[in-house]
Amino acid sequence: MKQRVSALLRDKFNCDVLLEKPKDRAFGHFSTPIAFSLSRELRKSPMIIAEEIANSFGDESMFGAVESVKGYINFRLSETFLDEYASWALSHGEQFGSDDKKGTILLEFVSANPTGPLHIGHARGAVYGDTLLRLGRHLGYDITAEYYVNDAGNQIDLLGTSLQLEGRSALLGEEVQWPEKYYRGEYLSALAKEVQSQFGDDALRDESRQKELALWAKDKILELIVDDLKAINVHFDTFVGEASLYDEWDRVMAKMGDGVYVDEGKTFIRSSGLGDDHDRVVVRDDGRPTYLAGDIIYHNQKFERGYEHYINIWGADHHGYIARVKAAIKFLGYNPEKLEVQLSQMVSLLKDGEPFKMSKRAGTVIQMSDVVEEIGADALRFMFASKKCDTALEFDIEELKRQDSSNPIYYVQYAHARIQTLVSKSEMSLEDIMNSRLIGLSADADGLLFEALVLPEVIEDAFESRQAQKLPDYLKALAAKLHKFYYDTRVIGHEDETKLLKLLLVVALSLKTGLSLLGIEAKDRM
RNA sequence: GCGUCCUUAGCUCAGUUGGAUAGAGCAAUGCCCUUCUAAGGCAUCGGUCAGAGGUUCGAAUCCUCUAGGGCGUACCA
C-alpha cells in the first residue's frame with residue numbers, strides 16, 4: 001500500500017519521498033514533510049511549496065484528498081482504493097504481506113553448548129532468531145536456520161567428568177572430589193542412571209571412557225534441546241557439529257595464507273589492525289585448537305556453501321569475537337561484509353527486586369522448559385519478541401511466572417477471538433460480506449481498516465531493520481483499536497453489518513498472520 | 001585504561017531512522033456489564049527524554065564532552 005503511494009510520488013518527483021504515518025488520523029493516511037527540505041533549494045516558504053504540490057494532485061484515483069497543512073502534505077487514500085486493497089488482502093489469506101524478495105540467507109542462532117537443557121537466558125536469542133526467520137521467509141527470502149553444535153573442547157571433557165562423578169556419587173555411593181567447575185542438574189542424574197544401566201558400573205569409574213561417555217551424552221542432551229525448542233515452536237533445518245569440521249583443518253589453514261603465523265609453537269591469526277586489539281591464538285603449543293579455531297573452520301564451511309548473506313545471532317558477551325571472525329573471513333578470501341552479526345543483550349534476572357544469578361553449581365538454573373510449562377509457549381514467545389534486543393533487559397522471576405491475563409498476548413488473542421465470535425453469530429453469508437464495499441465508513445472504522453492494512457509494511461520494516469519487536473508492537477496497537485471499536489459499535493444488527501464484518505475480517509487476518517509470524521496460533525475462542 | 005551497547009513516567013518497555021501535542025502495559029485512583037465474551041472500554045495521576053554544549057526551519061533521535069550502568073578486553077566456551 002505504502003509502496004504504491006511511494007512509487008507514485010517517485011514518478012512525480014523523480015526521487016524517493018519520505019512517507020510517514022501521521023499520529024493523528026486527521027492528517028490523513030500518509031504524510032510527507034518534503035516541502036521543508038525543498039524550501040531552501042527553492043527559496044520559498046514550506047507552506048507555499050506544500051500548497052503547490054498538494055494542488056498538483058488532480059484526479060489520482062488512489063487519493064481521496066491531498067492537502068497541505070502547516071508545510072506538511074497530507075494524503076488521504078480514497079475509499080475505493082482501500083476497499084479494493086482490503087478485498088485483495090482477504091483473497092490472499094495468510095499470504096497477505098508476503099513478497100517475492102530474492103536472496104539466500106544462512107541464519108545461525110541459539111547454538112547453545114550441548115551440555116545441558118536450555119535455560120531462560122537462551123529464550124531471547126531463540127525467539128528473536130525464529131521470528132526473523134519467519135518474517136524473512138514470508139517476504140520471500142530463502143533462509144536456512146542453522147544450529148552450531150560445540151561438540152569439541154573443554155566443555156565436552158567437563159561433561160564427561162561431571163557425568164562420571166555424578167554417577168559415582170549418587171549411584172555408587174562413593175566419596176568424590178568435585179572439581180572447581182562441573183555440570184549438575186536433574187538431566188545429568190538421569191543420564192548417569194542411563195549410563196549405569198546401559199554400560200554398567202565400570203563405565204562410571206573408568207576415566208579412559210570419559211570422552212566416549214561425553215560424546216554419547218552430548219547427543220542425548222542435544223535431543224533435550226531440540227525438544228525444548230520444539231516446545232516454543234522453533235525448528236532448525238541444519239545442525240553442524242564443530243568436531244566434524246576438524247578434518248578440514250589443514251586445508252583451511254593453508255587457505256588463510258599469511259593470515260596466520262606460528263610463534264613460540266603457537267599458531268596465531270593476524271587479527272590486530274582489523275578491529276581487534278591483538279593477534280589471537282588459534283592453536284595452543286600443545287596442539288589443541290582454541291574456540292576461535294572452531295569458528296574459523298565453521299565460517300569457512302559456511303562460505304563454501306555459498307549463501308548470499310549470513311546472519312549470526314550472538315549473545316552480547318561474544319561481541320569481542322566479531323572482529324576476529326571477520327578477520328578470518330577476509331583471510332579466507334571472502335567478503336566479511338556478507339556476515340552480519342546481531343547481538344542480543346543479556347537477560348538479567350531479578351528475584352524479589354534483587355539481582356539473581358543462575359548458577360550451575362548452586363543448582364539455581366531456571367530452565368526454559370519450566371517457564372514454558374508455567375506460562376505457555378505463546379506467552380513466553382510474545383514477551384520475548386516484544387523486547388528490542390539491543391538493550392539489556394531485566395526480568396523478575398516471580399513476575400515472569402505470574403504472567404497470566406496481564407500478558408499482552410491475551411489482549412491480542414482476545415481481539416481475534418472476539419471477531420470470530422461475531423462472524424459466527426452473524427446471519428450474513430460470507431459471500432455477502434465479501435461482496436460488500438467499504439464505502440462510507442465512520443472515521444473510527446476507517447482508522448481500524450487502515451491500521452489492519454498496514455501489516456505488509458510492518459513485516460518488511462521489522463525484518464529489514466532486524467527489529468522484530470515492531471511486529472508485536474503493531475499487533476498490540478491493532479488489538480487496541482479493535483477493542484475500542486468493538487466497545488463503541490454494535491456490529492450484529494447494524495445497518496452496515498456486512499461492511500463492518502468485512503472490515504473485521506481484514507483485522508482478523510492481520511492479527512492471525514502477524515501472530516503466526518511470531519510462531520503463535522491465533523485463537524478463535526477464549 | 002581501551003572497545004562496545006545502553007540511560008525515556010514509580011516499574012518493564014515503545015517511539016515510524018531528523019518531523020506535527022513524547023506513547024503503551026503494569027502499578028495507583030474513580031467510573032462502565034438486563035447490550036455481539038469485562039481476558040474489554042473510559043477517565044485521572046504520572047516526564048528537565050541522565051546532564052551540558054553544538055548542528056538547523058525542527059533534536060528523545062545526529063556530533064562533542066561529562067556522569068552512571070551492562071558486556072568484552074583469555075592459550076574459557
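Each chain gets a letter, A, B and so on, in the order the sequences are listed, and its residues count up from 1. Values below: every heavy atom of this structure, side chains too, minus hydrogens, waters and symmetry copies.
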For this session: Report yes if a donor N or O on one partner sits less than 3.5 Å from an acceptor N or O on the other, where the partners are the side chain of A:His319 and the base of B:rG3; otherwise report no.
Result: yes
For this session: Between B:rG47 and B:rC11, how far apart are the P atoms? Round to whole Å, please.
Result: 12 Å
Exercise. Using a distance-only test with no angle check, is there a side-chain donor-acceptor pair under 3.5 angstrom linking A:His29 and A:Asp446?
Worked result: yes
Exercise. Does A:Ser45 have any side chain to side chain donor-acceptor pair (under 3.5 Å) partners at least two apart in sequence or in another chain, and if so, which?
Worked result: none
Exercise. At under 4.0 Å between heavy atoms, what does A:Ser111 touch on the DNA or RNA strands: base, sugar-phosphate, or nothing?
Worked result: nothing
For this session: For B:rC49 and B:rG68, measure between their C1' atoms and round to the nearest Å.
Result: 16 Å
Exercise. Taking the six-membered ring for Trp, are the ring centroids of A:Tyr411 and A:His483 within less than 6.0 Å of each other?
Worked result: yes
For this session: Identify, with sequence neighbours excluded, every residue that meets side chain to side chain donor-acceptor pair (under 3.5 Å) alongside A:Ser436.
Result: none
For this session: Under the salt bridge (charged side-chain N to carboxylate O under 4.0 Å, His left out) rule, collect the residues that match up with A:Arg466, sequence neighbours excluded.
Result: A:Glu340
Exercise. Rounding to the closest angstrom, what is the interatomic distance between B:rC62 and B:rA27 at atom C1'?
Worked result: 36 Å
Problem set entry | Separation between the P atoms of B:rA77 and B:rC13, rounded to whole Å | 32 Å
Exercise. At under 4.0 Å between heavy atoms, what does A:Thr421 touch on the DNA or RNA strands: base, sugar-phosphate, or nothing?
Worked result: base
Exercise. When rounded to the nearest Å, what value does the distance between C1' atoms of B:rC31 and B:rU56 take?
Worked result: 47 Å
For this session: Assign a letter to each nucleotide of nucleotides 16-21 of chain B from its 5' end: B, base within under 4.0 Å of a protein heavy atom; S, sugar-phosphate only; -, no contact.
Result: BB-BB-
Exercise. Using a cut-off of less than 4.0 Å, is there contact between a side-chain N or O of A:Arg418 and OP1 or OP2 of B:rA38?
Worked result: yes
Problem set entry | B:rA50 and B:rG72, which share atom name C1', separated by this distance in whole Å | 24 Å
Seminar exercise, completed: Of A:Leu292 and A:Thr489, the one whose closest nucleotide on RNA chain B sits nearer the 5' end is A:Thr489
Seminar exercise, completed: A:Asp263 meets the salt bridge (charged side-chain N to carboxylate O under 4.0 Å, His left out) criterion, sequence neighbours left out, with none
Seminar exercise, completed: Within residues 476-488 of chain A, the residues having a heavy atom closer than 4.0 Å to RNA chain B are A:His483, A:Lys484, A:Tyr486, A:Tyr487
For this session: Scan side-chain atoms only and decide if A:Asn312 and A:His299 contain a donor-acceptor pair under the 3.5 Å cut-off.
Result: yes
Donor-acceptor pairs under 3.5 Å, side chain of residues 313-331 of chain A to any protein atom, not counting sequence neighbours: which ones?
residue, atom, partner, partner atom, Å
A:His319, ND1, A:Ala316, O, 3.3
A:Arg324, NE, A:Gly320, O, 3.3
A:Lys326, NZ, A:Leu339, O, 3.0

Exercise. What is the distance, rounded to the nearest whole Å, between atom OH of A:Tyr321 and atom C1' of B:rC5?
Worked result: 19 Å
Problem set entry | Between C1' of B:rC26 and CD1 of A:Ile409, the distance in whole Å | 17 Å
Exercise. Using a cut-off of 4.0 Å on non-hydrogen atoms, how would the nucleic acid contact of A:Arg280 be classed: base, sugar-phosphate, or nothing?
Worked result: sugar-phosphate
Problem set entry | Inter-nucleotide C1' distance (B:rG70, B:rU17), Å rounded | 24 Å
Problem set entry | By salt bridge (charged side-chain N to carboxylate O under 4.0 Å, His left out) - contacts of A:Glu242 (at least two apart) | none
Exercise. What interatomic distance, in whole Å, is found between C1' of B:rG25 and the corresponding atom of B:rG15?
Worked result: 15 Å
Problem set entry | N/O (side chain, A:Asn154) to phosphate O (OP1/OP2, B:rA77) under 4.0 Å | yes
Exercise. Between A:Tyr410 and B:rC26, does any side-chain N or O lie under 4.0 Å from OP1 or OP2?
Worked result: no
Exercise. Which part of the nucleic acid, if any, lies within reach of A:Ala417 when heavy atoms closer than 4.0 Å are counted: base, sugar-phosphate only, or nothing?
Worked result: base
Problem set entry | Spacing of A:Phe382 atom CZ relative to B:rG25 atom P, expressed in whole Å | 13 Å
Seminar exercise, completed: Taken in chain and number order and not counting sequence neighbours, the residues that satisfy side-chain contact (heavy atoms from CB on, under 4.5 Å) with A:Gln155 are A:Asn113, A:Thr115, A:Asn150, A:Tyr183
